[in-house]
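Input: a single structure, listed below in structure tokens.
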2 protein chains.
Amino acid sequence: MPTLEEIARLSSVSRSTVSRVVNESPNVSEETRAKVLAVVQQLDYQPNAVARSLAAGCTRILGLIVPSGVTAMFHDPFFPEFIPAVTSACSAHGYSVMLWLAEPMDEEPMIRQVLRNGFLDGVIVFTIHLSAGIIAEVVASNLPYVLIGQHCAQAPDAAYVDVENRRGARQVVTHLLRKGYRRIAHIAGPTDTVCAQHRIAGYRDALGTWGRRIDEDLVAAGDFTEARGYEAMKELLPRRPEAVFAANDMMALGALRACRDSGVRVPEDMAVVGFDDISLSANSNPPLTTVRQPSDRMGTAATEMLLAILETGDAIPRQIVLPTELVIRQSCGATAGL
Amino acid sequence: MPTLEEIARLSSVSRSTVSRVVNESPNVSEETRAKVLAVVQQLDYQPNAVARSLAAGCTRILGLIVPSGVTAMFHDPFFPEFIPAVTSACSAHGYSVMLWLAEPMDEEPMIRQVLRNGFLDGVIVFTIHLSAGIIAEVVASNLPYVLIGQHCAQAPDAAYVDVENRRGARQVVTHLLRKGYRRIAHIAGPTDTVCAQHRIAGYRDALGTWGRRIDEDLVAAGDFTEARGYEAMKELLPRRPEAVFAANDMMALGALRACRDSGVRVPEDMAVVGFDDISLSANSNPPLTTVRQPSDRMGTAATEMLLAILETGDAIPRQIVLPTELVIRQSCGATAGL
DNA sequence: GACAGGTGTGGGAGCGCTCCCATAACATAT
DNA sequence: ATATGTTATGGGAGCGCTCCCACACCTGTC
């Protein structure tokens, strides 16, 4: 691997001049630039990123930290959309991405080390679970950061990107109410996640607005998995709901399967709606009414927010809540007319 | 952030001695070690990884490169299992992971740059598609590497990890033959992927072994997507197959949906089998017979192979082909005996 | 008493860059 | 003629480490 110094020698200029050429500084004569570039191309010279990072004091590497509580969610179709959006936005700005999936056991020390070893210029942290320790660690590290999922309680000033979970849930449940469904059940997400809290809040909002009292028997606990959605639906069926809103699509798909297994027809006997609009939902049987999250836009927004913080030192909006979109399909009797 | 020098000053020893303590060199007196460690803890000193990398000549960072052809596959449930296995194995050895999802347009120059900028000690490269240019780039970079997916033609000596695609396909098709199915169709994967080639080869092996001639009308082209599986099945149905082997589960699920839509009962009228054993297959309707790939073991194996190459400079087995496992469920009439 | 062979410690050089300051060369204004 | 810029270039210092060599100092051996 050739070094700056070598290029300098071979093109008989100084190290500094080569550096200027490579970094596209304007103060280089055309003649010199051409001479140096010729050697650079001939030797296929690439500046050493490590040396550059040390000298410049920044690495142009962003960390993507996924705490263990969220790692399970790695199966979620959220990541396949989110992560490429992040890497793509980074590439566009000449940044690289380092991926950290925390191990359950040594979560905090590990994250602590990653935050302080100097390899990262900034981090995007999944804080969908209420992982107080990690948020504190991140804040204490003095590293620029953006959270995915808001945490007003623990970090009111934190930069974050989130989606309108509450409003989305309200919308989809309101849609059910408008269609005349009365006993609307809910399969909730894990109670220690902010997004599940917001979604159940939206469910309650909608029922409240329509003057319906909330029947706690119609709220089943869930954990965002298909299997649990299945079980929860089996538990709910004897209580004769007319419709069910699952806190995510995976559980809604589980609910659909439970209905099928129990001979309950969807949407004739039961409406089922979810949240996320994962790709399978469009092709489920029947296709699932759900709420679309702009996963990729979240990735792009978080990355660009972080890069802006890095470059401007702050300024810009530090809280972004992206809108969701109601996607109406057959599982709530879409064909039956509003 | 404190530096080595500062720790040295505060504990009144030399820079070298602090370095020895931090790196757990044996040649330090107990007394000195304790003195230094006290200061280290008090100041919460963390060695700067960038400086260390520059001085030591290695970064302890591995790259995970996913070419654009494969990025689409990022939706595949393969990644959610593979990637955590890689990061986990890396963490266990004190390595970090940098993720590179190539953009379609500037694929090769980008990869070229990543390979040569000095940030990576080694790379794991998805070469499931026959991306000759990328493989050449990787080989030319002189960086230790492990491929995911073998490429005997282009890189006979390359270190790789793969699964027994051919044998797995043969097994599942043989299972259908044993159960008495005769007209067995195939929904193939993209012809430019080695794994799809191996799977169709396994399909032909099985038919050949049983003395069946291959009816090319019963082989439909596919692209590993659910939607295409649906369409391919619709095309195949008029040709009256008794069973269909899809080159992956996503397409098999599409095929199931096509059968459902066409009033074809599975498994009574049609057997459907897939490949991959994605999590949805266990809960599909009916549950899908398929071939399980050890995605996580591939990640672990690739990482450990790469780390071994880094540490020993070579030696060890450089070709690993992991076994697949036949998973029999109802979609091929498992209940019908044998 | 001279020499070998450990131990523990310090300091210099160097990894390959960036950044700042000095310097030259020339143009323009006074 | 001198002062004042402007532009192109070179060289030194330094980023925070590691690694090697030198130098004590302490055994133990013949």
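Keep in mind it's a predicted model, so treat the numbers as computed, not measured.
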**Prompt:** Could you give the CD-to-P distance, from Glu31(B) to dT7(C), as a whole number of Å?
**Reply:** 18 Å

**Item:** Atom pair distance, as rounded to whole Å: CZ in Arg60(B) and C1' in dT18(D)
**Value:** 14 Å

**Request:** Please determine if a side-chain N or O atom of Ser29(A) lies less than 4.0 Å away from the OP1 or OP2 oxygen of dA8(D).
**Result:** no

**Asked** Nearest-Å distance, CG (Asn23(A)) to P (dC20(C))?
**Response** 13 Å

**Request:** Find the distance Lys35(B):NZ to dT9(C):P and express it as a whole number of Å.
**Result:** 8 Å

**Message:** Checking Tyr160(A) against Tyr145(A) for the ring-ring contact (aromatic ring centres under 6.0 Å, His included) test, could you report, in this order, the C-alpha distance in whole Å, the side-chain angles of both residues, the deciding distance, and whether it holds?
**Reply:** CA-CA 8 Å; Tyr160(A) 68 79; Tyr145(A) 64 93; over 10 Å; no

**Fill in**
By nearest-nucleotide position on DNA chain C, the 5'-leaning member of Pro26(B) and Glu5(A) is Pro26(B)

**Message:** Could you tell me if Arg52(A) and Asn23(A) have a donor-acceptor pair between their side chains, going purely by distance under 3.5 Å?
**Reply:** yes

**Request:** Report which part of the nucleic acid Asn27(A) touches: base, sugar-phosphate, or nothing (heavy-atom distance under 4.0 Å, all strands).
**Result:** base

**Complete:** Given protein heavy atoms under 4.0 Å, the one-letter contact record of nucleotides 10-15 of chain D, with B base, S sugar-phosphate only and - none, is simply BBBBBB

**Asked** Does dC17(D) have OP1 or OP2 sitting under 4.0 Å from an N or O in the side chain of Tyr45(B)?
**Response** yes

**Request:** Identify whether any heavy atom of Ser53(A) sits under 4.0 Å from a base atom; if not, whether one sits that close to sugar-phosphate; answer base, sugar-phosphate or nothing.
**Result:** nothing

**Item:** Integer-rounded Å distance: dG16(C) P and Glu6(A) CD
**Value:** 9 Å

**Request:** Measure the distance from CZ on Arg9(B) to P on dC17(D) and round it to the nearest whole Å.
**Result:** 13 Å

**Request:** Determine yes or no for a side-chain-to-main-chain donor-acceptor pair under 3.5 angstrom, with Thr127(A) supplying the side chain and Ile148(A) the backbone.
**Result:** yes

**Prompt:** Do NZ/NE/NH1/NH2 and the carboxylate oxygens of Asp44(B) and Arg116(A) come within less than 4.0 Å?
**Reply:** yes

**Interatomic distance where CZ belongs to Arg33(A) and P belongs to dA8(D) [whole Å]** = 9 Å

**Expected output: side-chain Arg60(A) to main-chain His93(A) donor-acceptor under 3.5 Å** = yes

**Separation of dG16(C) C1' from Met1(A) CE (nearest whole Å)** = 14 Å

**Presence of Arg52(B) side-chain N/O under 4.0 Å of dG16(D) phosphate oxygens OP1/OP2** = no

**Item:** Criterion side-chain hydrogen bond (donor to acceptor under 3.5 Å, both in side chains) on Ser19(A) and Ser16(A), from CA distance to verdict
**Value:** CA-CA 5 Å; Ser19(A) 174; Ser16(A) 305; over 6 Å; no

**Request:** Test Phe119(A) against Val50(B) for side-chain contact (heavy atoms from CB on, under 4.5 Å), laying out the working first.
**Result:** CA-CA 6 Å; Phe119(A) 250 133; Val50(B) 178; 3.9 Å; yes

